[in-house]
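Worksheet: one structure, shown below.
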Amino acid sequence: ICLTWLFPFIGHLGIATSEGIIRDFAGPYYVSEDNMAFGAPTKYWPLDPSLATGGVSAYDRGVAEASDIYKGRMHNLCCDNCHSHVARALNIMEYDGSTRWNMVTLAALMLVHGRYVSVWAAVKTWLPF
């Protein structure tokens with residue numbers, strides 16, 4: 001059973017470059033590029049690359065650096081996972097002037113700020129099938 005089936009509000013998380021290429025820590029020593037581990041995204045939170053300290057280029061460097069780091073890491077469902085990868089990227093780029101991003105904050109903010117890609121995506125997220 002997938003954790004996202006038990007706790008759909010947590011979900012799987014990736015981060016896109018300024019060009020829209022999604023990177024996600026999909027498993028041990030593997031960060032995918034535009035091929036998310038559990039299929040196409042159903043929910044998203046639009047980030048503004050200009051809010052990275054240093055602008056768009058710093059945003060993309062943060063995504064790339066976090067992805068390079070996580071390509072060398074073992075995946076741990078509870079402590080070092082896809083949410084941690086995104087938090088690392090946001091911390092590296094100092095997104096919105098902060099270096100305090102973490103997996104709990106991101107799960108909560110996705111719940112509040114996340115938008116479903118469609119009505120069907122919302123239904124798929126919350127129904128157990």
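All figures in this text were calculated on a predicted structure; none of them were measured in a lab.
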**Report entry** Pair listing, salt bridge (charged side-chain N to carboxylate O under 4.0 Å, His left out) test, anchored in residues 45-56, at least two apart
**Finding:** none
[X] side, atom [atom1]; [Y] side, atom [atom2] - distance, nearest 0.5 Å:
X     : Y     : atom1 : atom2 : answer
Arg88 : Ser67 : CZ    : OG    : 11.5 Å
Tyr70 : Asp80 : OH    : CG    : 4.0 Å
Ile15 : Cys82 : CD1   : SG    : 12.0 Å
Thr99 : Glu94 : OG1   : CD    : 6.0 Å
Thr17 : Leu47 : OG1   : CG    : 11.5 Å
Leu90 : His85 : CG    : NE2   : 10.0 Å

Requested in this report: Identify the two heavy atoms, one from Thr42 and one from Lys124, that lie closest to each other, and give their separation to 0.1 Å.
Outcome: CG2-CE, 3.9 Å
ILVMFWY network linking [X] to [Y], side-chain heavy atoms under 4.5 angstrom:
X      : Y      : result
Met110 : Leu106 : yes
Val104 : Trp101 : no
Val117 : Val123 : no
Ile69  : Val63  : no

Query raised in the report: Between the side chains of Thr105 and Asn102, does any donor sit under 3.5 Å from an acceptor?
Result: yes
**Report entry** Check: Asp60/Ser18 side-chain N/O donor and acceptor closer than 3.5 Å
**Finding:** yes
Acceptor/donor pairs from residues 25-40 side chains to any protein atom, 3.5 angstrom cut, sequence neighbours excluded:
| residue | atom | partner | partner atom | Å |
| --- | --- | --- | --- | --- |
| Ser32 | OG | Asp24 | OD1 | 2.0 |
| Ser32 | OG | Asn35 | O | 3.2 |
| Asp34 | OD1 | Ile22 | N | 2.9 |

Requested in this report: Show your working on side-chain contact (heavy atoms from CB on, under 4.5 Å) between Asp68 and Glu65 and close with a plain yes or no.
Outcome: CA-CA 5 Å; Asp68 287 343; Glu65 188 176 329; 5.7 Å; no
**Report entry** For Tyr59, side chain to side chain donor-acceptor pair (under 3.5 Å) partners two or more places apart
**Finding:** none
Query raised in the report: If only atom types and distance count, is the side chain of Ser98 paired as donor or acceptor with the main-chain N or O of Tyr95 below 3.5 Å?
Result: no
Query raised in the report: Is Asn81 close to Met103 at the side-chain level, that is, under 4.5 Å between some pair of heavy atoms?
Result: yes
